[in-house]
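Just so we're on the same page: letters track the sequence lines, and every chain starts at 1.
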Amino acid sequence: MFFYAVKRLLYAIPIALGVTLVSFTLVYMAPGDALSAIAPADAPQEVIDSLRTAYGLDRPVPVQYGLWLLRAVQGDLGTSIASGRAVAVEVLSAVSNTLMLAGVASMAGVLVGCVLGALAGYRSGTAVDRMATLLSVIGVSIPHYWLGLVLTIVFSIALGWLPAMGAGADSSSAWVWDLAHIKYLVLPAATMSVIPMGIITRTVRALVSEMLSKEFVVALRARGLSEAAVFRHVAKNVAPTVLAVAGLQVGYLMGGSILVETVFAWPGTGFLLNLAIFQRDMPLLQGIILVLCMFFVVLNLIVDILQPLIDPRMVRV
Amino acid sequence: MEMDMKLFGSRWSAWFLSVPLAFIAITGLHAETVARYGISMADIPLTTGQPDRGAGAYQFTGHTIYDPLVAWEANISAHPGKLVPGLATAWKTDPQDQKKWTFTLRKGVKFHDGSDFKADAVVWNLDKVLSDKSPQFDAKQSAQVRPRIPSIASYRMVNDYTVEITTKAVDALFPYQLPWFLISSPAQWEKVGKDWSKFATQASGTGPFKLDKLVARERAELVKNTAYWDKSRMAKTDRIVLLPIPDAVTRANALLSGQVDLIETPPPDMLPQLKGAGFKVVQNVTPHVWPYHFSTQPGSPWTDIRVRKAANLAIDRDAVVKLMGGLASVAKGQVDETNPWFGKPSFKIGYDLPAARALMAQAGYTKANPLKAKVIIAQGGTGQMLSLPMNEFVQQSLAEINIQVTFEVVELENLYLHWRSGAKSDMNAGKGITAINLGYVTADPFYALTRFADSRYIAPNGVNWGGYNDPKVDALLDQIRTTFDVKVQDGLLAQVHEAMVNEALMLWVVHDTNPHAVSPKVKEFVQAQHWFQDLTTLRM
């Protein structure tokens, strides 16, 4: 198992390098000029040229990539052209806000998805199944942006129960886990949780329904095991696939949602990414893309390591 | 006994009365007034002295924390403001050499950190943005302001309260450049370890507000500077909290739910809801125009003045204003009709389809032989208003007079590249692009007229995008540069504007009105006819 984990870890290194290369190249291929983050629209060419030199953007792209990578492996993601702040600090602050939001949304989505999916799987073909399936289809299909607005209109404007935007009455840097702050989390987390909830409900329903028709379940019941004990066996067999799907969904959420974070002015990675794209702030954009991609790499690594722990047959050679 | 009871009663009632009175005295009279302002930007503009994010950012972290040498009168709404003394009490040119300007500085002004404002601070700040050899040079601030103060050739301190600035050529319009140049505290920069990123959070200027708190992308808190030198411009609110909320619907929701007290640019389709909930929509004439800037280069269909005029007569601008929910005003030229530079153009811009069709017919375009033109537009962004619906409206209107417009839609930052490179460049002419749609700030003579009408600013030397070249207009602009009487100057600027309109240099559609939606809690907010707004007028 140890060697398996080390091997998976080593696989992650070329993937991460590939990610840096692709993210750097994509950002450079996009139309626009990095200096538009800093220079006024009508800045004369001499100003733009002097800025290009000042920010090292006049060097060949491979040289820029090499220098950036050299700094990145030391934890220095450069400086945002637009704000002048360190990219690592900017991204770290946004990531912590997104983690908070995505953590709650993931828990809600996975938990509700598992419960609804299991209920639907156990009660296949009944009204409960149809209701759970309907909810999952709604969850997968509903546009985030629209749902966020509707929730805001109902709970913030009409009822006045929850704040419409922001990450605290002060700022996210002063966040504490009390009721006053948690209120700011409810609407964006609820909005964000519907897609994983829908996907996991469908996955769990299909798996549980299929598992219940297997011969080993009939055998377990024939031996007189209680339904709770049978459920434990079913859950254990379903868990690796659900874990893989949940891992991907959590990865998506950790990446932040540009739409949800924009609708709720939540200062996370999605909000920051949006800002960096529109400002053509290339160092910031590269830093965010790298960190978000690394989320997926690390999450996949965790899932790869966890799956064999649950089911030893899944160790891949 | 009865006496005692009365005495007892009166003492107790007096005591009971005194408690709330004391409470009011302690808390009520000194309760801090706070205005929470939802701004349309995605981040707080730079707080080091020269704000980024365009002209609209100066009202937030520019003219609040800092002062210019020459200021813009922004605390009036009934008429356009004018240049007024700022940190300089007077300015004049040397009669022997009109390139030399002498500025007399205001005495007794202190920076927020307590250091004195003197001539050395002005020179230090000019070095900050113009001399890349100086230790305090800041590329970010320089990039913001260098294009705004292009006339400065050199500068020197004459004495503690006098500064001399020499311009590259005689330029009577030079004072208009100075409201953009703001003065940061050299002493504070030294104190924070000569580090502009630290200065950003511990900013120090001479302005009516001090920066109390800055959280990137989330908020900036400005508190009233009780020691401000201009007593007529003391802030009427103790604290202003700036909250970046880039999404218009989110901003409106924040206002409706009571999280903010006023917002910039409410979404037009939410105006009925906002008004119905008791919020007020404030707007005013604003130096901005939403045009199609024509290419007059060989090969462009817009080289024919009849076509340019026909296009200007084909747009029902009132309908565009309606499309914007009333948050715009009809454009009949580069500047608003009430502007002293508007003049009396002989070509009257309006909605006259028969006249437009007749002009097109004269130019040889019919339904069977329509004019085809490609226009580059942005999908949205600052100054672009409701870009796509408005462009579609113009497209349909022009189709009525046999002009078939196709769009090249790009992001705003990309559009700027096309703009700076000019109509003649490969990226425009090479792709068949013959007009560009970009919202223009028209705040001063250079921004409104010179940069578009002067042939010396034909791209890539400037943003005379289409290549307009009229020696008479060039001569007028030269005359303006050597005319120091403001009234005569205004008259000459009006002649330039008349020429632009008579030549139908652009297809002018509407002006932005810089709308704000404000809560009933806001008792006063003076909206100036400018992008520079004076937040000292905000009263809760």
For A:M165, is there any backbone N or O sitting under 3.5 Å from a side-chain donor or acceptor partner on B:Q259?
yes

Is the B:H293 ring parallel, tilted or perpendicular to the B:F452 ring (thresholds 30°, 60°)?
perpendicular

Which of parallel (below 30°), tilted (30 to 60°) and perpendicular (above 60°) describes A:W68 and A:Y65?
tilted

So, A:D170 and B:K213, do they make that salt bridge, N to O below 4.0 Å?
yes

In terms of heavy-atom pairs under 4.5 Å, which option from [options] contacts chain A the most?
options: B:R219, B:E411, B:R146; answer: B:R219
options: B:D138, B:V249, B:V410, B:N461; answer: B:V249
options: B:L412, B:V145, B:V215; answer: B:V215
options: B:A139, B:S197, B:G38; answer: B:A139

Proximity breakdown for [X] and chain B, heavy-atom pairs closer than 4.5 Å:
X: A:F155; value: neither
X: A:T152; value: side chain
X: A:A158; value: neither

Side chain to side chain contact (heavy atoms under 4.5 Å, CB included), that's the test. Do A:S156 and A:W161 meet it? Break it down for me.
CA-CA 6 Å; A:S156 302; A:W161 292 351; over 6 Å; no

Taking every non-hydrogen pair under 4.5 Å, which of A:A86, A:A94, A:A169 racks up the most with chain B?
A:A169

Matching residue for A:T269 among A:N97, A:T98, A:N274 - test: side-chain hydrogen bond (donor to acceptor under 3.5 Å, both in side chains)
A:T98

Regarding B:R451 and the six-membered ring of B:Y440, is the cationic atom NZ or CZ under 6.0 Å from the ring centre and inside 45° of its axis?
yes

With a 4.5 angstrom heavy-atom cut-off, is it the side chain or the backbone of B:Y457 that approaches chain A, or both, or neither?
neither

